[in-house]
Amino acid sequence: MALVVEKYGGTSVGTLDRIDAVADRVARSRGAGDDIVVVVSAMAGETDRLLDLAHNIKLESGDGREEKVARSTATTGVAARELDVLLSTGEQVTIALLVLALHSKGIQAKSYTGAQVPIQTDSIYGKARILDIDPANVRTDLETGKVVVIAGFQGVDVDGNITTLGRGGTDTTAVAMAASLQADECRIYTDVEGVYTADPRIVPNARRLERITAEEMLELASLGAKVLQTRSVEFAGKYHVPLRVLSSFVDGPGTLITHEVGDMEQPLIAGIAYNGDEAKLTIRGVPDQPGVASRIFGPISKAHINVDMIIQNVGLDQTTDLTFTVKRDEYETARSILTQVAEDLGAHDVVGDNTLAKISIVGVGMRSHAGIASTMFEVLANEGINIELISTSEIKVSVGIADKYLELAVRSLHKEFNLDTTPLEDPLEPAES
Ligand code: ADP
Ligand code: ASP
Ligand code: MG
């Protein structure tokens, strides 16, 4: 008998009918004799609705000014703890409804919030990391024949505060539960039929991948392919959790995330990812001397803001310009921190642009092939798209461009790299000679 963790995302549990369909699917897996742990998201749109409610409450800030609760999840400030209390309710609704639906089909089941498992996290509200899971209670329920239904996206810190894991965090709960229970498989059920060569909503003739290496999936996820939360792929890699992405709407093989390295003939490019929510900041006329980068990025990282691409220009007149990108919802905070730093350093000024997008091509095949980056630049040039920032690693190339060109860039690259549904030749099949 196998132990399987099944995760259902927001759209998959978006209505009572959908929850009923999920209960049927779980009943089928249970009928096959497997032990089932289900991890669910909030019903579609619920997390956004809750964020919006909070956003409409005006807060009194320290200096008497009125301030709004951030529209994204927040990590610091008065509102951060309460936002997590609020957001965690979305998943709590779904676990109860799903257990009721399972009961109505004669299946024994029991719900758990993150804190009830318990899933221990650190105390970074809105972005908490899982530290430890005690699976004893869940195991006991499984042994008595119950299906266990766990609220995704949430945990509890050492002081008993409710925390959330960041948008898309239910994937991470599912993989972490699978790791902790040493499950035989973790299935991520979603609203598309697996992992595709690009977001099928942007590229209609994107192809479903039979399999993808965890390494490539990690890059795609961290570069914007939201089909899996990045941390869930990290967990899967670290604990070798067998992971599959499938549709909860139609039956099919989905996509297997593999953990072997380099023992297959790899396609050159596994896929293309995009992120339309980028922003860039430039601090101009910074004294060009040791220690400056750390004085700039120290305060930014203290505010838990992730910096992505960084460019430093060649210095002129003992000063230099430094540009970096952040997520758009952290732009204002980053900008005000940077403005303060600029003043302290005697820099010239700070300029920014919050209409940036990042497009990335990813593939382990790049390791053994030169010229991928230059092909990418050529494709974009032919479309008249200006590249503002570039960053590369062994298996990816990313560019920052104006967000209005996002779809055009993704589609052109998808076509030029031969990823469209009917490629001229399958890169996995050697061509007939
Ligand atoms: P869920 O609510 O099930 O967690 P998400 O909306 O978080 O679902 O993730 C699924 C979505 O990810 C798909 O609907 C698709 O638009 C998007 N997506 C982006 N890139 C890819 C990709 N390469 N392959 C598949 N889906 C992708
Ligand atoms: N409900 C949360 C979100 O919308 C977590 C998740 O769905 O994975 O981000
Ligand atoms: Mg998701």
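Just so we're clear, the structure is a prediction, and the values are computed from it rather than from any experiment. First listed ligand is number 1; within each ligand, the first listed atom is number 1.
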Distance dump, ligand 1 polar atoms to protein, N/O, under 3.5 Å:
{"from": "ligand 1", "atom 1": "2 (O)", "to": "G10", "atom 2": "N", "distance (Å)": "3.1"}
{"from": "ligand 1", "atom 1": "3 (O)", "to": "T190", "atom 2": "OG1", "distance (Å)": "2.7"}
{"from": "ligand 1", "atom 1": "4 (O)", "to": "K7", "atom 2": "NZ", "distance (Å)": "2.9"}
{"from": "ligand 1", "atom 1": "6 (O)", "to": "K226", "atom 2": "NZ", "distance (Å)": "3.3"}
{"from": "ligand 1", "atom 1": "8 (O)", "to": "T190", "atom 2": "OG1", "distance (Å)": "3.1"}
{"from": "ligand 1", "atom 1": "14 (O)", "to": "D191", "atom 2": "OD1", "distance (Å)": "2.8"}
{"from": "ligand 1", "atom 1": "14 (O)", "to": "R201", "atom 2": "NE", "distance (Å)": "2.9"}
{"from": "ligand 1", "atom 1": "14 (O)", "to": "R201", "atom 2": "NH2", "distance (Å)": "2.7"}
{"from": "ligand 1", "atom 1": "16 (O)", "to": "D199", "atom 2": "OD1", "distance (Å)": "2.7"}
{"from": "ligand 1", "atom 1": "16 (O)", "to": "D199", "atom 2": "OD2", "distance (Å)": "3.4"}
{"from": "ligand 1", "atom 1": "16 (O)", "to": "R201", "atom 2": "NE", "distance (Å)": "2.8"}
{"from": "ligand 1", "atom 1": "23 (N)", "to": "Y196", "atom 2": "O", "distance (Å)": "3.0"}
{"from": "ligand 1", "atom 1": "24 (N)", "to": "Y196", "atom 2": "N", "distance (Å)": "2.9"}

Test item: R167 side-chain N/O and K226 main-chain N/O as donor-acceptor pair under 3.5 Å: no
Donor + acceptor pair across side chains of D403, T355 (<3.5 Å): no
E91 near ligand 2 by a heavy-atom separation under 4.0 Å: yes
4.0 Å heavy-atom contact, G9 with ligand 2: no
Smallest separation among heavy atoms of V5 and A174, with atom names: CG1-O, 3.7 Å
Atom indices of ligand 2, in the order listed, that fall short of 4.0 Å to a heavy atom of R167: 3 (C), 4 (O), 9 (O)
T213-E216 side chain donor-acceptor pair, cut-off 3.5 Å: yes
Modelled atom types, side-chain donor and acceptor of D191 and T11, under 3.5 Å: yes
Ligand 2 atoms in contact with S41 (distance to a heavy atom under 4.0 Å): 6 (C), 7 (O), 8 (O)
K7 N/O to ligand 2 N/O under 3.5 Å: no
Nearest-contact summary for atom 6 (C) of ligand 2 - protein heavy atom, Å: T170 OG1, 3.3 Å
Heavy-atom check, side chain of F249 versus side chain of R18, under 4.5 Å: yes
Donor-acceptor side-chain pairing of S12 and K7 below 3.5 angstrom: no
Any side-chain donor near an acceptor of the partner, Q92 and T113, under 3.5 Å: no
Sub-3.5 Å N/O-N/O distance, G168 and ligand 2: yes
Ring geometry between Y8 and Y189 (parallel below 30°, tilted from 30 to 60°, perpendicular above 60°): parallel
